[in-house]
There are 2 protein chains.
Amino acid sequence: MAVTLNDIARKAGVSLATVSLALNGSDKVNKDTKIRIKEIADQLNYVPNARARALVKKSTKTIGLVIPEVVNPFFAELAQSIKDYVRSQNFNVILCSTDYESEEELRYINMFRSGQVDGAIFACVGDMMAQHNDLIIKLVEENIPVVYVDRDGVDHDLIPVVKSDVYHAAYQAADYLISLGHQELAFAGQSVERLNGFKSALMKHGLNLKEENIYYDYLKMEGGYTVGEKIAARENKPEAVVCLNDEMAIGVIQALIAEKVKVPAEISVIGIDNIKMANFYNPSLTTVNIPVSQMGEKAAEILLKRISGQSLSPREKFFIFPTELVIRDSSRKA
Amino acid sequence: MAVTLNDIARKAGVSLATVSLALNGSDKVNKDTKIRIKEIADQLNYVPNARARALVKKSTKTIGLVIPEVVNPFFAELAQSIKDYVRSQNFNVILCSTDYESEEELRYINMFRSGQVDGAIFACVGDMMAQHNDLIIKLVEENIPVVYVDRDGVDHDLIPVVKSDVYHAAYQAADYLISLGHQELAFAGQSVERLNGFKSALMKHGLNLKEENIYYDYLKMEGGYTVGEKIAARENKPEAVVCLNDEMAIGVIQALIAEKVKVPAEISVIGIDNIKMANFYNPSLTTVNIPVSQMGEKAAEILLKRISGQSLSPREKFFIFPTELVIRDSSRKA
DNA sequence: TATGTTAATTTAAACGTTTTAAAAGAGGGA
DNA sequence: TCCCTCTTTTAAAACGTTTAAATTAACATA
């Protein structure tokens with residue numbers, strides 16, 4: 001159905017090889033024939049068959065991106081920035097969302113092994129994903145470069161990692177709240193790294209953390225909402241709460257407001273990520289900025305470097321971005 | 001580098017064809033050899049080369065999805081639902097975001113023509129995109145099925161369209177506000193169809209629309225914000241405003257609040273889409289629900305039907321979803 | 001013994017490119 | 001005429017599958 005090199009060759013009265021050469025701009029073919037062939041190709045509206053080309057060139061000009069879900073402002077922005085960079089280098093991206101299911105990630109890994117992509121970025125979090133690390137290493141050994149974004153690496157020499165300093169982000173958040181005079185802080189969300197950063201800030205100021213102030217709830221708005229409800233129901237409430245991410249923070253605030261607890265008058269709430277919504281929420285959300293777009297771009301850049309066979313500088317093998325406190329209206333002095 | 005059928009054949013001492021047949025479960029090959037071959041394949045960790053397979057089977061088990069941007073709750077949800085359905089049928093999706101640029105869409109169309117996908121869904125809006133309709137028809141004629149989502153179709157028999165009744169959605173929004181007793185209504189956003197729905201509601205109630213009450217601003221939160229500012233600056237403000245989508249509505253409200261205009265006490269604001277955030281915003285957003293997920297699933301279902309060569313019922317060629325008013329806290333009686 | 005049947009395996013072509021090595025053609029000089 | 005060089009074109013292999021058709025082997029039937 002579709003036009004092939006052969007069709008053009010027949011029409012131009014030359015061999016298929018000449019056509020291929022001509023269209024690829026080889027200087028071995030006569031100028032006039034080249035022009036003639038190009039004209040015919042245009043006229044027939046020829047588009048080379050990517051599958052056939054990929055088969056012989058061993059390159060698909062496509063990368064895979066594995067994220068937990070698109071419906072998540074953080075990962076959406078990550079995806080966007082990766083796509084933007086990669087696209088500027090004439091690559092495409094196959095978006096693979098796992099819905100936090102380990103099984104799904106496995107399917108994607110196999111798909112990548114089947115030669116569908118030239119490389120892949122894994123931005124999937126979660127402990128059960130760690131079990132795939134060896135499979136992913138196998139991927140790399142089969143010459144399909146991989147870079148991790150915000151996922152703990154295995155062996156930096158095989159798999160570069162691009163991260164933000166979320167430990168420090170949580171530290172900054174807690175430290176800031178304490179500097180406002182708050183003494184009893186709560187933490188919402190399940191993330192060892194962030195919880196540790198949170199803890200270390202308390203420790204530094206000689207505050208101790210009660211078990212009841214840690215809420216291991218689901219990392220989305222709904223999870224935040226239930227945390228907010230639990231807090232609202234307590235007699236002696238914490239003075240401030242650090243949330244794993246902005247979505248949770250919004251959920252927490254929403255629940256508190258619904259239960260007539262004033263934010264920030266009675267409780268300060270702070271998020272992490274600085275998604276766009278943080279600035280448009282009401283009250284606007286104090287948070288810690290994580291430079292997602294920059295991270296995505298960096299990861300993409302590193303991956304394409306790897307794909308084109310360039311070697312990486314030591315820094316690029318473990319690239320960590322700093323975070324920054326963004327003060328808005330969901331927090332205030334004690 | 002990667003393991004091929006040939007490697008397995010050599011190791012098993014049979015021909016390549018037998019291996020292929022065996023692994024594809026053909027009942028022509030002897031039970032024992034089949035088992036033996038499968039064992040060897042497992043042991044070598046064989047994954048068939050998708051490019052080669054695609055070349056001969058003329059099917060990639062992949063579809064393309066064209067949307068304006070991932071960083072947009074509406075399209076993110078659409079993408080998610082399409083991916084979910086398609087994935088359940090063992091297809092993958094290449095996500096293509098155009099950033100509202102016509103040029104980008106063109107590149108994607110050509111990529112689709114190159115045999116990268118078995119079919120495509122176009123959810124891209126915008127007038128300048130219409131100029132690609134003939135190219136897209138060419139795509140279909142080359143046997144790459146296409147379905148449109150929320151994009152005006154050209155010829156229903158070639159390109160099925162899945163829509164929601166946005167005209168009616170805007171009508172519902174305006175009609176509801178009028179029923180609350182509001183007389184002077186504003187509209188924010190550029191969408192002929194929605195504006196027309198809005199107008200028809202006014203007309204039905206004998207209200208006339210002043211030119212100054214139409215704000216043709218950008219369809220995102222920032223756009224909404226500037227609309228909000230403009231409204232706040234006016235002496236005689238409209239009593240209520242219908243926004244093209246929830247994002248704009250949030251922007252409008254945010255600006256109004258910043259300018260000390262109370263929502264909904266002084267102005268009612270209503271959105272369209274019913275994104276998740278609408279429910280978590282503060283005040284929670286009155287809006288008109290558009291069943292994105294259902295639309296995505298339907299579109300995917302229709303596309304896969306087409307790909308597998310099934311014919312469509314007349315209804316499937318133009319599938320329109322009803323919308324539904326969702327009353328929350330950003331609107332109230334005059 | 002010849003013939004037919006069935007089951008298992010293999011050969012070979014095909015998919016649409018790229019690319020290397022070889023062939024063909026055109027001049028030019030001796 | 002022969003040989004050399006240079007330019008242009010072509011043949012053919014390769015990429016890794018699938019699959020229709022051909023082959024082979026084993027065995028039963030007449």
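Within every chain, numbering begins at 1; the chains are lettered A, B, ... in the order of the sequence lines, protein sequences first and strands thereafter. A quick note: this is a predicted structure, and the numbers were derived from the prediction, not measured.
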*For DNA chain C, which residues in residues 17-25 of chain A have a heavy atom at a distance below 4.0 Å?*
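Listed by number, they are A:Ala17, A:Ser20, A:Leu21, A:Asn24.
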
*Quick one, which residues of residues 106-118 of chain A touch DNA chain C with a heavy atom under 4.0 Å?*
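Nothing qualifies; none.
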
*Of all heavy-atom pairs between A:Ser102 and A:Gln131, which one has the smallest distance, and what is that distance?*
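For A:Ser102 versus A:Gln131, the nearest heavy atoms are OG-NE2, 3.8 Å.
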
*Locate the shortest heavy-atom distance separating B:Val3 from B:Asp7; write the atom from each residue and the value.*
CA-OD2, 3.4 Å

_A:Val140, A:Val147, A:Leu139 screened by side chain to side chain contact (heavy atoms under 4.5 Å, CB included) with A:Ile159, the one that passes_ = A:Val140

Tell me every residue that passes side-chain hydrogen bond (donor to acceptor under 3.5 Å, both in side chains) with [X], counting only those two or more places apart in sequence or in another chain.
X        : value
A:Thr98  : none
A:Glu141 : none
A:Glu105 : A:His132, A:Arg151

*asked:* For the helix from C:dT1-D:dA30 to C:dA30-D:dT1, what angle separates the axis at the start from the axis at the finish, each from five pairs, in steps of 10°?
replied: 90°

*What are the 5'-most and 3'-most nucleotides of DNA chain D lying under 4.0 Å from any heavy atom of chain A?*
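On DNA chain D, the outermost contacted nucleotides are D:dT8 to D:dG16.
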
Distances under 3.5 Å between nitrogen or oxygen atoms of protein and nucleotides 4-8 of chain C:
{"unit_1": "C:dA8", "atom_1": "OP1", "unit_2": "B:Asn30", "atom_2": "ND2", "d": "3.4"}

*Please, which pairs that meet side chain to side chain donor-acceptor pair (under 3.5 Å) have at least one residue in residues 33-46 of chain B, sequence neighbours excluded?*
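Sorted pair list: A:Arg113-B:Asn45.
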
Closer than 3.5 angstrom, by distance alone: can the side chain of [X] be matched with the main-chain N or O of [Y] as a donor-acceptor pair?
X        : Y        : value
B:Ser26  : B:Asn24  : no
A:Asp118 : A:Thr60  : yes
B:Ser308 : B:Leu304 : yes

_Please compare B:Lys58 and B:Leu16 by the position of their nearest nucleotide in DNA chain C and report the one closer to 5'._
B:Leu16

_Comparing B:Ser15 and B:Ala52 on DNA chain C - which has the more 5′ nearest nucleotide_ =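 It is B:Ser15 whose nearest nucleotide is closer to the 5' end.
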
Which pairs with one or both residues in [range] pass salt bridge (Lys or Arg N to Asp or Glu O under 4.0 Å), sequence neighbours excluded?
range                       : answer
residues 83-94 of chain B   : A:Asp99-B:Lys83, A:Glu104-B:Lys83, A:Glu104-B:Arg87
residues 52-78 of chain A   : A:Glu69-A:Lys220
residues 301-321 of chain B : B:Asp157-B:Lys317, B:Lys298-B:Glu301, B:Lys305-B:Glu316

